[in-house]
Asker: 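Handing you this structure, nothing more for now.
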Protein chains: 4
Amino acid sequence: MSSFGKLFKVTTYGESHCRSVGCIVEGVPPGLKLSEEDIQPQLTRRRPGQSALATPRDEKDRVQIQSGTEHGLTLGTPIGLIVLNESHRPEDYGKGTMDLFPRPSHADFTYQEKYGIRASSGGGRSSARETIARVAAGAIAEKCLSLLYGVEIVAFVSSVGTEHLFPPTEIHPTAATNPIFLGLIGSLTRTQVDEFLPVRCPNKEASERMAKTIAEYRDKQDSIGGTVTCVIRNCPVGLGEPVFDKLEAMLAHAMLSIPATKGFEIGSGFGGCEVPGSIHNDAFVSSVPIAPSQSGVDALQNGTAARTPRLRTRTNNSGGIQGGISNGEHIYFRVGFKPPATIGQAQDTVDFAGKPGILEAKGRHDPCVVPRALPIVEAMSALVLMDMLHEQLGRQAIFGQLPSKR
Amino acid sequence: MSSFGKLFKVTTYGESHCRSVGCIVEGVPPGLKLSEEDIQPQLTRRRPGQSALATPRDEKDRVQIQSGTEHGLTLGTPIGLIVLNESHRPEDYGKGTMDLFPRPSHADFTYQEKYGIRASSGGGRSSARETIARVAAGAIAEKCLSLLYGVEIVAFVSSVGTEHLFPPTEIHPTAATNPIFLGLIGSLTRTQVDEFLPVRCPNKEASERMAKTIAEYRDKQDSIGGTVTCVIRNCPVGLGEPVFDKLEAMLAHAMLSIPATKGFEIGSGFGGCEVPGSIHNDAFVSSVPIAPSQSGVDALQNGTAARTPRLRTRTNNSGGIQGGISNGEHIYFRVGFKPPATIGQAQDTVDFAGKPGILEAKGRHDPCVVPRALPIVEAMSALVLMDMLHEQLGRQAIFGQLPSKR
Amino acid sequence: MSSFGKLFKVTTYGESHCRSVGCIVEGVPPGLKLSEEDIQPQLTRRRPGQSALATPRDEKDRVQIQSGTEHGLTLGTPIGLIVLNESHRPEDYGKGTMDLFPRPSHADFTYQEKYGIRASSGGGRSSARETIARVAAGAIAEKCLSLLYGVEIVAFVSSVGTEHLFPPTEIHPTAATNPIFLGLIGSLTRTQVDEFLPVRCPNKEASERMAKTIAEYRDKQDSIGGTVTCVIRNCPVGLGEPVFDKLEAMLAHAMLSIPATKGFEIGSGFGGCEVPGSIHNDAFVSSVPIAPSQSGVDALQNGTAARTPRLRTRTNNSGGIQGGISNGEHIYFRVGFKPPATIGQAQDTVDFAGKPGILEAKGRHDPCVVPRALPIVEAMSALVLMDMLHEQLGRQAIFGQLPSKR
Amino acid sequence: MSSFGKLFKVTTYGESHCRSVGCIVEGVPPGLKLSEEDIQPQLTRRRPGQSALATPRDEKDRVQIQSGTEHGLTLGTPIGLIVLNESHRPEDYGKGTMDLFPRPSHADFTYQEKYGIRASSGGGRSSARETIARVAAGAIAEKCLSLLYGVEIVAFVSSVGTEHLFPPTEIHPTAATNPIFLGLIGSLTRTQVDEFLPVRCPNKEASERMAKTIAEYRDKQDSIGGTVTCVIRNCPVGLGEPVFDKLEAMLAHAMLSIPATKGFEIGSGFGGCEVPGSIHNDAFVSSVPIAPSQSGVDALQNGTAARTPRLRTRTNNSGGIQGGISNGEHIYFRVGFKPPATIGQAQDTVDFAGKPGILEAKGRHDPCVVPRALPIVEAMSALVLMDMLHEQLGRQAIFGQLPSKR
C-alpha cells in the first residue's frame, strides 16, 4: 500500500506526470510550530540538478501545507502536503521506443503485469518523484524528534561502485570495529556532508575518487550504484516492538521500500557475521553511578527511561539495537542502491509484444542516485522512529501509573 | 507487535520457559487438507541437537492443531497452533551470574529498559523458541503456495565466518552474475541441503571448511556468524504492493525480524551496487510466442497473468523483483546472522547495577545459528508471499470482471 | 485515525477553513474509467444551500483528481482528490462568543482537551466539511460496485423528530416485517428520493410533515434530529470477515464515524428484539433448481458464489447479513442523527475558563442534517463493501485453485 | 479478521467443538499483577447453566494463562490464553436434520457460501463459544483500566421482548433525559446486577416481568430478543481518534461484532433524534475553579488532562462522547440482541440442496441471550478503551515534552 506507519503514518500519492504529488501525515503531535520552511530544505536537498553529475531537469518542488496547522501551530489533525508537478502532460511523452519497450530492470514490465495497465511515461508511480512525499513527511517527523530528544539523523555516501570510504579489510571486515568510522558517525553533520557536493561523501580523497567514477559512467551513457550509510544519534532507549516489528526490521522495511535499493545492514552488518562473538559482543559499561535501587522500573515510573540509558556499551557492533530495541547507542546502518536502470547505452532487449529490438533511453538520467538518496534515507528513518516512539511513550505512561495502585 | 501480515496473518506468543509457545494463523484458505504432519517436518528441521555442532538440549517440539480444521480440512477460520514447553520452570534458572548481568549483545538490557521488567531466564520472549511459532505458521503458508503454483522455497548456508560458498571476486562482486550460483539456485532442493548436515551448505568442500570453522569456535567457547541464502522458485508474477510494501521491503522486514539477523540483500545485493547498469540491467527475452493482442490486460482478465510471465529476463540481477513486484524469475536473497551473543568465554562487563564483573555463560549454546536458521528463513518467506498473493488475487478478480462493463 | 479500510482505503485531511480538504484513495482497481464527473454528483447532493431548509452558504465543492488516472483510466495507484476551501481565512472568524465558549454538544471542548489546541473557528476537523472527502472516495467505490455487480445503494430520510415514515406499531415493532417497507426498499432510486427535496423522504405526506417540523425548529432558532434508512441491493454473497469484522460491525463503525450520529441498527434492528424467534427467523426458500452436487464448493470453484445465492430467504429480518456475512438479500440499516449542536437560541453555559455566560451562535446553521446526510451514508456503505469485496474475492480465487491439486 | 485493536489487541481462535478456544492478547502493560483469578470471574458470569432460564449444558470454561507472565507479573509480552473444549468430538454431532438444513437466521448458510465449507456442527466459529476469548481478554483490559483510573464498566439487561426497564415515553423518548435512569447508571454495580439473576435487570418488578416473558417463549420452544445497556464510569477525557475511529464508532464496531446483535446507540440514541437541540445540547458547567491561564495546554503538559475534565456538562445526552472523544462524563450505550435463531419449534424451510422440509432443532438452547451477554458487552468495552488509551497517552507524553523547546 501507499501508507507507512501505524501511529505516525504517512500516506502518499502521485505519479511522475500527474497534477501533483503529495501526502497526508497522521499522528503529528499537536502544538508543534510548523511551516513550509521546516519541510523545504530536505526537499531541496533531494532535488536533481544540483551539479553536473546529476540530471539537469529543473524541478522546483515547492511544498504547500494544505491542512492541519493554524497560526503556525499543528492542530494534531492530518497534515496535507502538496507539491505540484510543473509539467504534467503525459501526452508529450512516450511516443518513442521507451513506450514500446519495457526498460530492463525498471518497473515498466511488472506494473503492466500487476495492474494490466501502466502510466505511459516517466515511470509513473515507480518514478523517483514518488519520494518527494516521503521526504516532506520525514521532515515533520525529524522536527519532532529533534525537539523532543535532540535526535540527529545524518546520511552520507559511503561507496560508489568499487570506491569505498571504508572498504572491508582483514582486520576490519566491518567498519563497525574501525575507530575512525565510529569517530566519524559520532559527530558528522549534514552541513559537513553537503560540503562534499556533488558526491556527499565526507572525505575529500574518497569523494574525488567517487566523483571520477560517476563521471566515467556518465560519459559512457552508463550508470553505477553505491551505498549510503546513515547514523541516528540521541535516539531514546526502548524503541522497537518485538517480535515482528523490531526496530531494525522496521528500518529494513523502510529502506527497501525506497526505489532502487538492494540491501540493508544494521550495525556491523554482513561484515559482522565474519567476526567471532568474543569480539562482536558489546560489553556493558556503567554510564553514570546509580544506586542499586534505581532499577529500570523506577526509571520508567519517573519517565526517564526513554532518555538516558543507565548502562552504555564499550563497542557498538549492535548498531544501537539489541533484541529489536534501541539501547541508547548510535543507530547506524547501510543501504545499497543499484545502478539506475535507465541508461543511454543501447540495450538488446524485446518490446512488450516480445519482439527483439534495441532500446536507447532518451533524455538525461542520473548516472548514480546515491548523492540524492540521502534525504530520502534520513526521512524514512525519522518516520520509523516517530511511529515507534508514540507506541513506547504510551506504554511508559501506562506503566508509570500502574505500580503504586496494583 | 507479535503479529505479521495483513490477510494471511500470524500472531505469536510465548517465552522460553512458559507453558507453551504458539500462534494463531488467520487467512488460511478454506478447503485445504491440513494436519500436524504438514507442519512437523519444518519444526523438526529447526530443532537443536541434530549434530555435535548444535546445542544438545533435546526439545521435542510437537505441534498440536487446536482449531480451524475438521475432518482434516481447513474451515477458513483461524488455525490455533500450540507447542508445549517441556520444562517450563523459570524458578530453576537464573540463580547465578546470568541473572545479575545483562548478557552483552543480548536482549536482557533492552527488554529491562523497555518494559521495566524481564523474564528471569533463558531470554524470555527474545529466545529462539519464539521462532517455533513462525516455522509452524510458515509451513501452512508453504503448503498453500506449493499446491497453488508449485512454489519451492529453499534456503541454504552460504557462509560461516570468512568461509563463503561464493566469495565475491573481481569478476563477480556479486554471486548474481555467477552462472554456477544461478545454476545452483535453479534446482537445489531441501533434501539436497539436508545431505550436508550439520552445516547445510550444499557443497562438500565448502561445507567441510565451515564445519571446521564452527568446531574451532565451539572449542574456544566462542561463536561465529554466517549467512543464509534463500531462493523462491515459481513465484507468480505481480506480487508486492508498491510503494511501501514492495515485495523486497516485506521480505526485508520479515528477515530482520528473525533474532540475530544483521543484514538483508535482494538479488545482486550490495555486490550489485559495484556493477555498472549496462551489465546489471536484466534485458528481456520473449518466453513464449504471443500474439500482439494478448496484452497484460487480457492476461489479467483470463486470470492467467499471475502465473506465467509473457516476458522473461536474460539475467536475474534483480532477484525476481522489479519495482517492488515479482517478475516471475527466481526470487533470491541473502540474510546475515551475527555470532550468537551467549558464549562460554569470560566477558568483562558490568551487572544491571553498573558494577563491573566477569560473565561466563553456563550451559551449552549454539556456536553458530545459521544451519538451524534455514527453516525460519523459509517460513518467513512463505508468510510474506501468501499475504501478498491474497491481495493481488483479489485485485485481479476485480479487474477481470470490470472491463467489459465499464 | 483519518484512514478507513484495509484494501480499499481512504485517508482524509482537512479542516473547515484550511486551504483544501481532500483524500487519498488506495486500492482502486486498475483499468476503471474515472473522471471528476463520476465524483461530482454525490458531492453536489451533499452541498448545503439546496433549499430554504438548509444553510444558505454557497460552497462550490468542485473536486479535482490529482493522480492515479491517465487518459481517463485508473492506474491501480492511489487517487489523490482535492476540493478547495473557497474562503480559508481563519483570522476572520472566532472573534466573538463562539471562540470563548465551547459550544454545548459540539467538539470544541473535547478537541481542546485531547489535543491541547483547537482550530479557532468553524469546527476545524470536526466540521461537516470533513465529510466531503468521504463522499468523494465513496463515489469511486460506488462506481466499481455498480459495474461489478450492479450494486445499488440508496439512502432516504425515514424520520425527522417524531415524524416517521414507518413508525413502530404493535404489529410491526420493526419496519422489517412490514411489506410496504420491504416493497419500498426493493425498488427505490436516488432520483425518486431527490424528487422529495428538500426533505428527501420518499413519501409526499410524510415528507410534508417532516418539512413542517424542520421549518418550525428553524424558526425557533432550534434544531431537530432524524434518521436515515439505507438499502444496498445486489450485494454479492459472502462479504464480511468474522468474527470482529462482521459486515454489520464494519457498517456500524462506518456510520458511527459520521458526525452527529447516535445510533445504528441492521435489518430488524431494535424493534426486531421485541419479536419472537419463530417470526424473526428468515426461513430459506430455493431460488433456482440446482442439482445436489452443486455445492457451495463447486460454486466457489466456478467463481460464481459471490453473485447469486443458491438459497434465498422468505423474509429478511436479518437485513441481508447472517453470521456477519452477506447472504444475497437486500442489506438495509438505519442511522440516527442528533439535532445539530449549533443553534441560534441563547444557551446558558460556561466559557473555556469556566465562567458562566450566554452563548448565541451567529450565522445560519442547518436546523436538521438528515437530508444532506444521505450521500455520506451511501458513501460510507460503498467504502465498506469494496474493502470486504477485495478480501473475499482473493479468498475465492485461492480456494478456486486449490481443490483439484490438494 | 479475528483480531481486534491496534495497540491493545486481541486475536482469537476456536470453534464450538475443536480442542480449545483461546486468544493472544498483545499490548498488555508490563508489571501488572495477573493470574487466572483475574480472568475467571467474568468467564463464569457468561457461562450457561446459571439458571432454569438458560441452557443447562455444564461447561467448565477454566482459563489457563500460557505465556506473558512470570512470578505473577506481566512481562509486556503477549498473553496466551486457552480454555479447553471439554467435549470436542464433532463426529458425534450433526447426523440429523441440523446438518442437512441451514438453520434460518443462523450462520450455517453464509459460512458455507463464503468459505465453501463449514464446521459440521454446533455453529463452529459462529458459536457463542467464540465469545469466551473476548471475555478473557476483556478481563485483562478491565483490570488495567480499574487500576489506572478506577474505571467501572457495568452492563445490565434493559429490555426483554416488549418489557422495558425504561420504555420510551412522550416526555422521555430517550432514557437519557430521565433522571431515574441517570441515577441508576451513576451508581449501579455488577454485584447489584447479579442479585437479579437469572435476568440481570436491576429492578425487581421489571426483572420479574422479563423472567415471565422468557419462560413463556421457552415453554413454546420459541425465543425472544432484548437489549443490554452498559455504562462506563471514570473514563478519562480525550479517548477516541477522529475522524474514522471516533470512540462511539469503535464501540459500535465492537458491539456489532458480538453474535446476535442488531443495533447500537450511544447516549440518547435513536430517541435523542426526536428531541430538539435546545433540550438535547449538554450545556457546560464549571467543575472546579480554575485560573484563566490553566488552559488545556497546561493540563496536558502536566499530564493531568486525561483525568479530570475542567468543565462538566449539566446533562449527558451525548453519552460521555463529543466529536468522537470522551468528555469525562459517564459513557453509556445500548445494544440490541435478536431472538436466538435456534429454536425447537418446527420451521418450514429448505435444506442445503434447496429441498423443502421441516427443521426442528434438537437439544436445549437459550430462549434469550441477554442475561449471558453482559460480560461480553463489558469485555468489548474494555478492549476499546485500552486501545484508545494507549494511543492518547502516547500523544500526551509527546505533547507534554514539546512546548518548552519548540
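Per chain, numbering begins at 1; letters A, B, ... match sequence-line order.
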Asker: So do the side chains of C/L147 and B/Q401 get within less than 4.5 Å of each other, counting heavy atoms only?
Answerer: no
Asker: Heavy-atom distance under 4.5 Å between the side chains of C/L32 and B/L402, does that happen here?
Answerer: yes
Asker: Measure across B/I398 and C/L148 and return the closest heavy-atom pair with its distance rounded to 0.1 Å.
Answerer: O-CD2, 3.6 Å
Asker: Distance check, rounded to the nearest 0.5 Å: B/E391 atom CD versus C/L7 atom CG?
Answerer: 5.0 Å
Asker: Say you draw a straight line from CZ of B/F399 to OG1 of C/T74; how long is it, rounded to the nearest 0.5 Å?
Answerer: 8.0 Å
Asker: How long is the span from the CD atom in C/E241 to the CD atom in B/E26, to the nearest 0.5 Å?
Answerer: 10.0 Å
Asker: Could you tell me which non-hydrogen atom of C/P30 sits nearest to which non-hydrogen atom of B/R395, and how far apart they are?
Answerer: CD-CG, 4.0 Å
